[in-house]
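Here the structure is laid out as structure tokens; the discussion comes afterwards.
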Amino acid sequence: MALTFYNTLSRSLEEFKPLSGSEARLYTCGPTVYDFAHIGNFRAYVFEDLLRRALRFEGYRVIQVMNLTDVDDKTIRGSRAAGKSLRDYTEPFKRAFFEDIDALGIERAEHYPAATDHVPEMIALIRRLEERGAAYRSDDGSVYFNISKFPGYGRLGHIDLSGLKPGARVAQDEYMKENAADFALWKAWCEEDGDVAWDSPWGRGRPGWHIECSAMSMKYLGETFDLHTGGMDNMFPHHDDEIAQSEAATGKRFVNVWMHCAHLVVDGRKMSKSLGNFYSLRDLLKRGYSGRELRYALMAVHYRQALNFTFEALDAARAALGRLDEFLRRLRETAGNALPAAALPGWAAECRAGFAAAIRNDLNISGALASVFNGVHEGNRLMAAGGLAPADAAAALDMLGELDGVLGLLAVREDRPGAEAEALLAERAAVRKAKNWARSDEIRVRLGELGWVVQDTPGGSKLVRKAGT
RNA sequence: GGCGCGAUAGCCAAGUGGUUAGGCACGGGUCUGCAAAACCUGUUACACCGGUUCAAUUCCGGUUCGCGCCUCCA
């Protein structure tokens with residue numbers, strides 16, 4: 001089966017055909033660095049990470065760009081409230097963002113352009129729009145995009161402009177627009193902007209939000225590129241605005257495939273600070289969960305499906321990961337130092353094939369994981385029966401490593417117990433021989449405190465990492 | 001009001017015109033000093049009403065319920 005994605009533009013599944021045969025160019029809407037990102041944001045970033053890994057799995061060289069929005073209403077408001085410069089205010093949140101994505105096992109994109117580093121590119125793009133007659137200045141020195149000059153406007157979000165009426169949500173200060181749906185390309189400086197301003201052909205001001213994505217994506221990926229992603233909520237107006245301003249400026253198709261992930265809700269309700277169900281990654285780490293566990297929970301539901309985040313789901317993720325970890329541990333043990341067999345054993349080949357087919361089908365993660373777990377079951381069954389050859393185990397390990405290039409879940413860290421744990425384990429072996437069960441159990445409890453679970457097997461006692469530690 | 005999405009066993013969640021998805025949880029068993037892990041095993045579902053069909057959870061129509069977007073929220 002060919003690699004297929006659901007394209008929001010056509011509302012249908014389409015075979016992926018990159019512009020350049022072997023390269024996939026991808027733009028992913030990134031964070032606004034006015035606060036710590038929340039788990040809803042990370043749902044999108046984990047989806048995008050899965051996408052880039054899947055593309056690589058299929059053999060494409062990926063060039064991914066993720067923007068950092070470090071100038072907008074919220075960052076300006078935040079910096080002023082904190083009495084800091086915009087840069088000083090956003091810097092820690094940028095750092096935190098990278099720490100967080102590392103904890104979630106999200107691969108680094110090739111480029112993380114910050115909006116404030118690309119104002120000249122944005123100004124140049126706005127000028128192009130002016131030259132083409134697609135933009136106009138208002139009296140205060142702002143510049144707006146004239147949507148009447150772009151016939152396809154609203155196509156992505158399936159918005160019928162005739163149904164749009166200026167309502168309560170149209171801000172009062174936007175009376176200078178010719179049409180209620182016109183959007184700002186450049187915003188003239190106002191009191192609340194403080195010292196956040198750039199010189200432009202239209203006077204002092206700052207860029208609108210949408211223009212940064214067009215300017216930066218085209219700078220790094222070209223005027224037409226393969227994939228653009230974001231949350232559903234960005235479909236309209238943000239992505240429609242991007243299409244309008246980019247295509248109006250270049251006269252070319254902007255993006256071939258648009259992909260949008262559904263929202264995350266918490267306990268069935270929209271996540272919001274007032275409901276007290278608002279979580280950042282840091283909140284979950286404090287509760288003893290790992291980034292890897294959250295990654296699993298965020299990834300295990302198909303990206304176009306609303307994801308209901310619960311702590312039960314996190315606990316289930318922990319248990320599922322424990323099963324995977326244990327399987328890998330046993331495989332390693334069985335493989336020993338054996339060289340991998342030339343051919344995968346049948347069950348492992350099936351596991352790989354099922355996984356690949358599912359991923360190719362619009363990133364069907366449930367199907368992919370099901371295939372992995374079927375492999376786990378079969379492998380465990382063989383090992384329990386003593387029927388798995390070391391060379392086959394080694395080959396299966398390699399195969400799982402390859403699949404993990406997509407999943408990014410199988411902690412390959414081989415934890416070695418410290419000296420204290422090793423000593424306790426040795427002592428326990430001795431007292432068990434003497435049938436001193438009380439002391440034996442005492443040691444097991446102590447090892448648990450150190451983060452280890454004891455497994456007594458015919459081949460001796462083993463230490464296994466406790467979940468969540 | 002407009003546009004769109006969803007309803008699958010205790011929970012989460014794929015998928016399919018007729019054949020065991022998977023994970024978590026739970027019960028019984030094997031193994032174990034007891035555990036843990038693993039294996040064996042049990043509970044087997046597709047909101048409701050019509051229609052098409054030899055056959056529908058899967059296609060079509062309708063109903064109910066839930067959700068999202070409709071101007072800067074991933």
Side-chain angles (χ1 to χ4, degrees), chain A residues 8 11 28-32 37-48 69 72-74 147 154 157-167 169-171 174 177 180-184 208-210 229-238 240-241 260-265 268-272 296-297 300-302 304-308 310 312-313 315-324 326-327 329-330 354 358 361 364-374 376-377 379-385 432 435-437 440-441 444 448 453-458 461-462 464 466:
Chain A
T8 307
R11 308 261 161 163
T28 49
C29 279
T32 301
H38 56 69
I39 58 175
N41 299 122
F42 288 124
R43 203 257 166 122
Y45 306 142
V46 166
F47 146 63
E48 286 151 0
T69 299
D72 79 319
D73 292 352
K74 285 182 299 225
I147 63 152
H158 282 209
I159 297 297
D160 178 8
L161 283 183
S162 59
L164 277 184
K165 45 188 180 210
R169 296 189 67 173
V170 176
E174 294 187 4
K177 295 196 289 191
D182 289 349
F183 55 91
W209 175 42
H210 314 297
T229 69
M232 301 270 277
D233 52 345
N234 278 159
M235 242 156 69
F236 187 87
H238 182 52
D240 257 308
D241 289 354
H260 293 93
C261 73
H263 270 201
L264 171 150
V265 295
R269 309 182 69 183
K270 192 173 173 137
M271 185 165 64
S272 77
Y296 189 101
V301 175
H302 185 81
R304 283 193 283 119
Q305 203 66 47
L307 184 149
N308 186 20
T310 60
E312 291 71 27
D315 291 335
R318 169 173 290 182
L321 284 168
R323 181 163 165 82
L324 293 172
E326 176 63 9
F327 179 58
R329 196 192 62 70
R330 298 182 71 194
N361 181 17
N364 181 350
I365 189 68
S366 301
L369 285 173
S371 188
V372 169
F373 279 106
N374 281 328
V376 168
H377 184 256
N380 270 331
R381 204 183 63 73
L382 288 169
M383 286 190 282
R432 286 185 80 228
K435 297 197 190 299
N436 181 353
W437 309 125
S440 166
D441 290 344
R444 181 157 57 199
V453 174
V454 182
Q455 287 188 17
D456 296 321
T457 74
S461 299
K462 298 178 177 27
V464 178
K466 202 155 95 183

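Every chain is numbered from 1 and lettered A, B, ... according to where its sequence line falls, protein lines coming before strand lines.
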Checklist entry - Reckon Asn380(A) touches a base, only the sugar-phosphate, or nothing at all at heavy-atom distances under 4.0 Å? => result sugar-phosphate
Item to check | Under 4.0 angstrom between His377(A) side-chain N/O and C40(B) OP1 or OP2 | outcome: yes
Item to check | Touch class at under 4.0 angstrom, heavy-atom based, for Ala384(A) against every strand present | outcome: sugar-phosphate
Item to check | Nearest-Å distance once atom C1' is located in both G50(B) and G18(B) | outcome: 22 Å
Under 3.5 Å between N/O atoms: give me all the protein pairs with nucleotides 26-34 of chain B, atom names plus distance.
| from | atom 1 | to | atom 2 | distance (Å) |
| --- | --- | --- | --- | --- |
| G33(B) | N7 | Arg432(A) | NH2 | 3.2 |
| G33(B) | O6 | Arg428(A) | NH2 | 3.2 |
| G33(B) | O6 | Arg432(A) | NE | 3.4 |
| G33(B) | O6 | Ser440(A) | OG | 3.0 |
| G33(B) | N1 | Asp441(A) | OD1 | 3.0 |
| G33(B) | N2 | Asp441(A) | OD1 | 3.4 |
| G33(B) | N2 | Asp441(A) | OD2 | 2.8 |
| C34(B) | O2 | Arg444(A) | NH2 | 2.5 |
| C34(B) | N3 | Arg444(A) | NH1 | 3.1 |
| C34(B) | N3 | Arg444(A) | NH2 | 3.3 |
| C34(B) | N4 | Asp456(A) | OD2 | 2.7 |

Item to check | Sugar-phosphate, base or nothing in reach of Gly230(A), heavy atoms under 4.0 Å | outcome: sugar-phosphate
Next on the checklist: Quick check for you: to the nearest 0.5 Å, what is the distance between Arg318(A) atom CZ and Asp315(A) atom CG?
Outcome noted: 6.5 Å
Checklist entry - With sugar-phosphate meaning primed atoms plus P, OP1 and OP2, does Ile365(A) contact a base, only sugar-phosphate, or nothing at under 4.0 Å between heavy atoms? => result nothing
Checklist outcome for this item: Atom CG of Asp72(A) and atom C1' of C72(B) are separated, to the nearest Å, by 9 Å
Checklist outcome for this item: Here the gap from Leu324(A) atom CG to Leu369(A) atom CG, rounded to the nearest 0.5 Å, amounts to 8.0 Å
Checklist entry - Is the shortest side-chain N/O distance from Arg323(A) to OP1 or OP2 of C39(B) below 4.0 Å? => result yes
Next on the checklist: Can you classify the ring geometry of His238(A) versus His210(A) as parallel (below 30°), tilted (30 to 60°) or perpendicular (above 60°)?
Outcome noted: tilted
Next on the checklist: Would you say that Arg330(A) contacts Val464(A) through its side chain, given a criterion of any heavy-atom pair below 4.5 Å between the two side chains?
Outcome noted: no
Next on the checklist: Taking any heavy-atom pair under 4.0 Å as a contact, classify Phe183(A): base, sugar-phosphate, or nothing.
Outcome noted: nothing
Item to check | Approximate separation, where rounding is to 0.5 Å, of Lys462(A) NZ and Thr457(A) OG1 | outcome: 3.5 Å
Checklist entry - So what does the secondary structure string of RNA chain B come out as, 5' to 3', with Watson-Crick or wobble pairs under 3.5 angstrom, [ ] for crossing and | for pairs with another strand? => result (((((((..(((.....[...))).(((((.......)))))....(((((..]....))))))))))))....
Checklist entry - Looking at Arg323(A) and Glu326(A), does any basic side-chain N land under 4.0 Å from a carboxylate oxygen? => result no
Checklist entry - Within less than 4.0 Å of OP1 or OP2 of C73(B), is there a side-chain N or O belonging to Lys74(A)? => result yes
Checklist entry - Which nucleotides of nucleotides 10-16 of chain B have their base under 4.0 Å from a protein heavy atom (B), which only their sugar-phosphate (S), and which neither (-), written as one string 5' to 3'? => result ---SSS-
Next on the checklist: What's His238(A) touching, base or sugar-phosphate or nothing? Going by heavy atoms closer than 4.0 Å.
Outcome noted: nothing
